[in-house]
Protein chains: 2
Amino acid sequence: MKVPRPVIKRMPVYYRCLERLKNEGVKYVSSQKLARRLHLKDSQIRKDLSHFGKFGKRGVGYEVESLLNDITKILGLHKQWKVIVIGAGNIGKAIARFRALEKNNFKVVAVFDTDKRKIGTELLPGLKILDMASLRDFVGREGADLAILAVPASSAQAVANDLQKAGIRGILCFAPVTLNCAIPVEYVDITAFLKTLAYSVLTEKYNV
Amino acid sequence: MKVPRPVIKRMPVYYRCLERLKNEGVKYVSSQKLARRLHLKDSQIRKDLSHFGKFGKRGVGYEVESLLNDITKILGLHKQWKVIVIGAGNIGKAIARFRALEKNNFKVVAVFDTDKRKIGTELLPGLKILDMASLRDFVGREGADLAILAVPASSAQAVANDLQKAGIRGILCFAPVTLNCAIPVEYVDITAFLKTLAYSVLTEKYNV
DNA sequence: AATATGTTGTGAAAGCTTTAACGAAAAACG
DNA sequence: CGTTTTTCGTTAAAGCTTTCACAACATATT
C-alpha cells in the first residue's frame with residue numbers, strides 16, 4: 001500500500017529529532033513527548049509510524065535508538081548513496097562542500113560544470129570539478145544514484161534529460177523550474193521559500 | 001478567510017512559470033496550458049487563484065503580465081524585503097552571494113557570524129561579515145525584515161530567540177531543527193529533501 | 001493480587017483539499 | 001446575428017489526511 005506523501009515528508013523530521021534525543025542520552029520517548037518537540041499531534045506520529053509497522057511498547061513509548069534504526073532502514077539510509085552535483089556556481093559549490101551530506105550517508109562523488117575556467121579546480125581534497133561532457137562516462141564507470149541540479153533554470157531541463165540518460169535515479173532540483181522527468185524529483189526553490197515566508201509575514205495575525 | 005497552505009506554496013510556482021512565459025513573449029495563457037507545464041489540474045489552478053480574486057477572461061485565459069503583477073502583489077514582492085544572513089559557513093556564504101534573491105526583490109543587507117577570523121571579510125562589494133554581537137544594533141539602526149538562519153542545529157534556537165528580540169519578522173531556517181518561535185518560519189533541510197528523494201527512488205514503481 | 005497510571009495501535013469521524021461538472025461570458029465564424 | 005468554440009469561476013462530490021477515542025497491553029504501586 002502506498003504511503004501518503006505528507007507522511008514521508010515527516011519521516012526525516014522524526015529522524016533528526018530522534019538523532020538529537022540519542023545524543024542527549026535519552027533511551028525512551030513517547031509519541032506525546034515527540035509531538036511537543038515537533039509541534040505535531042501525538043496521534044499523528046503514531047498513525048504515521050503505523051504505515052511502516054509497530055515500533056512502540058504500550059505504557060512505555062519508543063526506544064530511541066531502535067526507532068532511529070528502523071527509520072534509517074525505511075528511508076534507505078543504511079547504505080551509502082552516491083551523489084553528483086551539477087553546476088559549480090554558488091549553490092553547487094556550497095552543497096559539494098557541505099559536510100552534513102556525508103554524515104547522513106550521501107557521498108558527493110563528483111561535481112560537473114561546462115565552464116572551462118572552472119573545470120579542473122579542486123573543491124575539496126580529491127573532489128575536482130569535471131567537464132559536463134564527461135558525465136555519461138563517469139556515471140557509467142563510477143556509478144552514481146542521485147544528482148543535485150544547481151544550474152540556471154534555462155538549462156535545467158536539458159541537463160535533467162542527460163542525467164536520466166546517464167542512469168541517474170533521482171534529482172534534487174535547485175533550479176526554479178518544473179521538470180519533465182520519468183525519475184523522482186524533489187524541488188528546493190530557495191526564492192520560493194522566501195516568497196511563502198513573505199506572504200506569511202504579511203498575513204499573520206497580530207500577536208500580543 | 002484563510003488561504004490553505006498548499007495554495008500558498010503553489011503561488012510561487014505560478015509566479016516563476018508566468019515570468020518565464022513573459023520572457024518568451026507569450027501574452028495570454030489558459031489554466032489548461034499552465035496546468036500542462038506544471039503537471040497540475042487546470043481546475044486546481046483556477047480554484048487556487050479564486051482565493052484571491054478574479055484574474056481571467058472567459059474564452060481567453062489570463063493575461064500573463066497582469067496575472068504576474070497580481071501574484072507579485074499577493075505575495076508582497078512589490079516592495080523590497082531586507083534580509084540578513086546568519087552564519088557564514090558554506091550555505092550562508094552561498095546564499096549571501098546568490099543573485100536570484102535580489103532579482104526577486106530580497107536584498108541581503110548583512111551577514112553575521114561569531115567566528116573572529118571571518119568577521120570583517122568582504123563577501124561581495126559592500127557586504128562584510130559582521131559580528132553576531134552587533135545584530136540587535138544593526139537591525140535597530142538599518143532595519144531588516146527576514147533572516148536566513150544558516151548556523152549549526154545546536155545554536156539555531158538561541159539565534160532564533162535573538163532574531164525575534166531584534167525585531168526580525170520571519171525566518172528561513174536551513175538548520176535541521178524544529179524551532180520554537182512566535183514569528184513565521186520556513187524550513188529548508190537539504191538532507192531531509194535528499195532523504196525523501198532516496199525513499200522515492202527505492203519505492204517507485206518500475207517503469208519500462 | 002488488585003488497582004492505578006501511562007502509552008500504543010487502530011477504526012471511525014471530522015476536517016481539509018482536489019477534482020469534476022457546468023452555467024456564464026467572450027470571441028470567432030459563417 | 002445566431003451558432004460554435006473556448007475558457008473562466010464556482011458549486012458540489014470525491015478523495016485524502018488528520019484527529020479523536022478507546023481497547024489492549026505494560027509497568028508501577030499498594
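All chains are named by letter (A, B, ...) in the order of the sequence lines, taking the proteins before the strands, and each is independently numbered beginning at 1. What you see below is based on every heavy atom in this structure, not just the backbone, and it leaves out hydrogens, waters and symmetry mates.
Ion pair B:Arg37/B:Glu24 flagged as a salt bridge, since at least one NZ, NE, NH1 or NH2 atom sits closer than 4.0 Å to an Asp/Glu carboxylate oxygen.
Neither OP1 nor OP2 of D:dT18 sits under 4.0 Å from any side-chain N or O of A:Ser43. For the pair A:Lys41 and D:dT17, the criterion of a side-chain N or O lying under 4.0 Å from OP1 or OP2 is not met. Between B:Lys54 and the phosphate of D:dT10, there is a side-chain N or O to OP1/OP2 separation shorter than 4.0 Å. For the pair B:Tyr28 and C:dA27, the criterion of a side-chain N or O lying under 4.0 Å from OP1 or OP2 is not met. For B:Lys57, a side-chain nitrogen or oxygen approaches OP1 or OP2 of C:dA27 to under 4.0 Å.
Among the nucleotides C:dA27, D:dC8, C:dT8, the one closest to the side chain of B:Val60 is C:dA27. Among the nucleotides C:dT8, C:dT18, C:dA26, the one closest to the side chain of A:Tyr62 is C:dT8. Taking only side-chain atoms of B:Pro6, from C-beta outward, the nucleotide of C:dT7, C:dA27, C:dT17 with the closest atom is C:dT17.
Residue-to-nucleotide proximity on DNA chain D shows that, of A:Arg46 and A:Arg5, the 5′-proximal contact is made by A:Arg5.
When atom types are taken as modelled, the side chain of B:Gln164 and the backbone of B:Ala182 share a donor-acceptor pair closer than 3.5 angstrom.
For A:Arg58 against C:dT8, a side-chain N or O and a base N or O form a donor-acceptor pair under 3.5 Å.
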